[in-house]
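Worksheet for the structure shown next.
The structure presented is a predicted model; accordingly, all values stated were derived computationally and were not measured.
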Amino acid sequence: QVQLVESGGGLVQAGDSLRLSCAASGLTVRSYAMGWFRQAPGKEREFVASLTMVWSGSTTVYADSVKGRFTISRDNAKNTVYLEMNSLKPEDTAVYYCAANPTGGYTTRRRDYLYWGQGTQVTVSS
């Protein structure tokens with residue numbers, strides 16, 4: 001049984017940093033492409049960042065809105081994926097979801113991700 005459990009969300013001020021964690025069980029994160037998505041109230045769930053599997057070169061991809069501020073990474077020993085978020089803005093406020101793509105390759109499409117976590121709330125005040 002696959003489980004992805006996000007943690008690390010919270011209420012912060014603009015300019016602050018947060019690190020989200022996604023602890024996986026039932027799958028090995030190094031063998032999947034791992035992604036982060038977010039959904040703000042009244043909006044569609046959108047792509048944030050992805051990290052391809054090790055054998056695909058561990059390539060990272062970011063949405064333009066977070067490029068240069070967010071970093072996705074993976075700790076294979078802990079079977080955990082992280083999203084380091086710096087210089088947070090009020091528009092980053094959303095529920096953040098971790099997801100796993102079994103094909104392992106580069107993709108920003110929601111439909112390519114088979115497994116999803118329950119999400120963690122990030123709120124950035126101005």
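A donor-acceptor pair under 3.5 Å is formed between the side chain of N79 and the backbone N or O of A24. Judged purely by atom type and a 3.5 angstrom limit, E6 uses its side chain to pair as donor or acceptor with the backbone of Q118.
The heavy-atom pair separating R110 from E44 by the smallest distance is NH1-OE1, 3.8 Å. The two residues A40 and T93 come nearest to each other via the heavy atoms CB-O, 3.7 Å. When all heavy atoms of Y62 and I72 are compared, the closest pair comes out as OH-N, 2.9 Å. The heavy-atom pair separating G9 from V122 by the smallest distance is CA-CG2, 4.1 Å. The shortest non-hydrogen separation linking A33 to G105 is CB-O, 3.4 Å.
One distance of note links CG of N101 with OH of Y113; it measures 5.5 Å at 0.5 Å rounding. Between the CZ atom in R30 and the CE atom in M53 there is a gap of 11.0 Å [rounded to 0.5 Å].
Residues L20 and M85 meet the side-chain proximity criterion, which asks for heavy atoms closer than 4.5 Å. Taking 4.5 Å as the limit, some side-chain heavy atom of N76 sits within range of a side-chain heavy atom of V29. Considering only heavy atoms from C-beta on, T52 stays 4.5 Å or farther from M34 through its side chain. Side-chain contact between V81 and W36 is present, with heavy atoms from C-beta onward closer than 4.5 Å. Side-chain contact check for V124 versus D16: every heavy-atom pair is 4.5 Å or farther apart.
Contacts classified as side chain to side chain donor-acceptor pair (under 3.5 Å) and involving residues 81-90 (residues at least two apart or in different chains) are given here: S17-N86. Sorted by first and then second residue, the disulfide bond (SG atoms under 2.5 Å apart) pairs with a member in residues 97-126 read C22-C98; sequence neighbours excluded.
L51 and W116 are members of different hydrophobic clusters when ILVMFWY side chains are connected at heavy-atom separations under 4.5 Å. Following chains of ILVMFWY side-chain contacts shorter than 4.5 Å, one can reach L18 starting from V48, so the two form part of one hydrophobic cluster. In the hydrophobic clustering of this structure, F70 does not group with V95; members are Ile, Leu, Val, Met, Phe, Trp, Tyr whose side-chain heavy atoms approach within less than 4.5 Å, directly or through other members.
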Original post:
Passes side-chain hydrogen bond (donor to acceptor under 3.5 Å, both in side chains), T123 versus Q121? Steps please.
Top reply: CA-CA 6 Å; T123 303; Q121 176 71 47; 3.3 Å; yes
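In this structure, R38 forms no cation-pi arrangement with Y97, as its terminal cationic atom is not both closer than 6.0 Å to the ring centre and no more than 45° off the ring axis.
Less than 6.0 angstrom separates the ring centroid of F47 from the ring centroid of F37.
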